[in-house]
A.B. asks: 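One structure follows; several queries about it will come next.
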Amino acid sequence: MAKIDIEYMHTTAPLGDPSIRRRTTAAMASYINDLVCEMQMEDISSKFIETIVEEGPNTVLINGKTIPEIIEGLQIKYLEADEDSSSGMVTFGRPILDWKKEFVEDVPDTIMKNAIAKAYADSNKNDIPLMN
């Protein structure tokens, strides 16, 4: 059965950049916990572990892989607007896919959910019987 194991490994040091999406490790842990709760409500086997480390970069592991390892090779795109639509998408602030990669806490929701979906699909591909 496919499952999602997410581990957030972080130090206790302050993040030091007020422009990132989740400004504290507590905010990041809460964000991941909320994602895991959503998956569990949809009957997706998932769990979240928060690990405090002495040193090193903060990182998120999804089924043992980092987010950049999982999304490598994926092409994440915006949905195209209808040709009949005369209005374009109006956004304020940072672009949705803009990510300061030195801070895992800054990962956009779109990229995080794509990484989770790909990790789930990768773990599920061995469970699907092939039809001949």
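When a residue number appears, it is its place in the shown sequence, counting from 1. Here the structure is a predicted model, which is why all the values come from computation and not from measurement.
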A.B. asks: With a 4.5 Å cut-off on side-chain heavy-atom distances among I, L, V, M, F, W and Y, is there a chain of contacts connecting M9 to L15?
C.D. replies: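 No, because M9 and L15 fall into different hydrophobic clusters, even though each may have its own neighbours under 4.5 Å.
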A.B. asks: Step through the shown structure and confirm whether more than 12 heavy atoms of other residues, nucleotides or ligands are within 6.0 Å of NZ on K47.
C.D. replies: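 Check fails, neighbour count at 12 or below.
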A.B. asks: Judged by atom type as modelled, is there a donor-acceptor pair below 3.5 Å linking the side chain of T110 to the main-chain atoms of P108?
C.D. replies: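 No, the answer is negative, given that no donor and acceptor are paired below the 3.5 Å cut-off.
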A.B. asks: Could you check whether any side-chain heavy atom of I67 comes within less than 4.5 Å of a side-chain heavy atom of T59, counting everything from C-beta outward?
C.D. replies: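 Answer no - side chains too far apart.
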A.B. asks: Does E102 CD have over 12 foreign heavy atoms under 6.0 Å away?
C.D. replies: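 Yes, enclosed.
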A.B. asks: Check step by step if side chain to side chain contact (heavy atoms under 4.5 Å, CB included) holds for Y8 and V104.
C.D. replies: CA-CA 9 Å; Y8 176 41; V104 73; 4.0 Å; yes
A.B. asks: Does any donor atom in the side chain of E7 or T51 lie under 3.5 Å from an acceptor atom in the other side chain?
C.D. replies: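 Looking only at side-chain atoms, T51 and E7 do form a donor-acceptor pair, the distance falling under 3.5 Å.
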A.B. asks: Using the rule that two of Ile, Leu, Val, Met, Phe, Trp, Tyr join whenever any of their side-chain heavy atoms come within less than 4.5 Å, decide whether L61 and I4 are in one cluster.
C.D. replies: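 Different clusters.
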A.B. asks: Could you report the tightest heavy-atom contact between I62 and A115, atom names first, then the distance?
C.D. replies: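 Residues I62 and A115, closest heavy atoms: CD1-CB, 4.0 Å.
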A.B. asks: Should M28 and N58 be marked as a side chain to side chain contact (heavy atoms under 4.5 Å, CB included) after you check the CA-CA gap, both sets of side-chain angles, and the distance that decides it?
C.D. replies: CA-CA 11 Å; M28 183 65 172; N58 296 354; over 6 Å; no
A.B. asks: Please report the interatomic distance CG(N33) to CD1(I6), rounded to the nearest 0.5 Å.
C.D. replies: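 Here the rounded value is 9.5 Å.
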A.B. asks: Between V36 and Q40, is the side chain to side chain contact (heavy atoms under 4.5 Å, CB included) condition met? List the steps.
C.D. replies: CA-CA 6 Å; V36 168; Q40 290 172 344; 3.6 Å; yes
A.B. asks: P18 and R23: which non-hydrogen atoms are nearest, and at how many Å?
C.D. replies: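 Where P18 meets R23 most closely, the heavy atoms are O-NE, 2.6 Å.
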A.B. asks: Examine the side chains of H10 and E105 and answer whether a donor and an acceptor come within less than 3.5 Å of each other.
C.D. replies: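 E105 and H10 do not have a side-chain donor-acceptor pair below 3.5 Å.
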A.B. asks: How many angstroms lie between atom CD of E38 and atom CE of M41, to the nearest 0.5 angstrom?
C.D. replies: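 If I round to the nearest 0.5 Å, the distance is 6.0 Å.
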A.B. asks: How far does CG of L35 sit from CZ of F48, to the nearest 0.5 angstrom?
C.D. replies: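 The CZ atom of F48 is 10.0 Å from CG of L35, to the nearest 0.5 Å.
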A.B. asks: Could you tell me whether R22 and D106 make a salt bridge, using a distance below 4.0 angstrom between a side-chain N and a carboxylate O?
C.D. replies: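 Looking at R22 and D106, the cut-off is not met.
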A.B. asks: Are side-chain N/O atoms of D109 and Y31 paired as donor and acceptor at under 3.5 Å?
C.D. replies: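 A donor-acceptor contact under 3.5 Å links the two side chains.
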A.B. asks: Are I20 and I32 connected, step by step, through hydrophobic side chains (Ile, Leu, Val, Met, Phe, Trp, Tyr) whose heavy atoms are closer than 4.5 Å?
C.D. replies: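 No, it is not one cluster - the side chains of I20 and I32 are not joined through contacts under 4.5 Å.
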A.B. asks: So which atom in T11 and which in T25 form the shortest heavy-atom distance, rounded to 0.1 Å?
C.D. replies: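 Minimum heavy-atom separation between T11 and T25: O-CG2, 4.1 Å.
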A.B. asks: Does any non-hydrogen side-chain atom of K118 lie less than 4.5 Å from one of I71?
C.D. replies: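 Heavy-atom side-chain distance check fails, nothing below 4.5 Å.
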A.B. asks: Could you give the distance from CD (E42) to SG (C37), rounded to the nearest 0.5 Å?
C.D. replies: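 Rounded to the nearest 0.5 Å, the CD-SG separation comes to 12.5 Å.
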A.B. asks: As a quick check of understanding, evaluate side chain to side chain contact (heavy atoms under 4.5 Å, CB included) for T66 and V60, giving each step before the final call.
C.D. replies: CA-CA 6 Å; T66 65; V60 171; over 6 Å; no
A.B. asks: Whether the side chain of N63 engages the backbone of K3 through a donor-acceptor N/O pair (distance < 3.5 Å, no angle test) should be reported.
C.D. replies: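 Yes, N63 side chain to K3 backbone: donor-acceptor pair under 3.5 Å.
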A.B. asks: Shortest non-hydrogen contact from F103 to W99?
C.D. replies: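 Distance-wise, the nearest heavy atoms are O-NE1, 3.3 Å.
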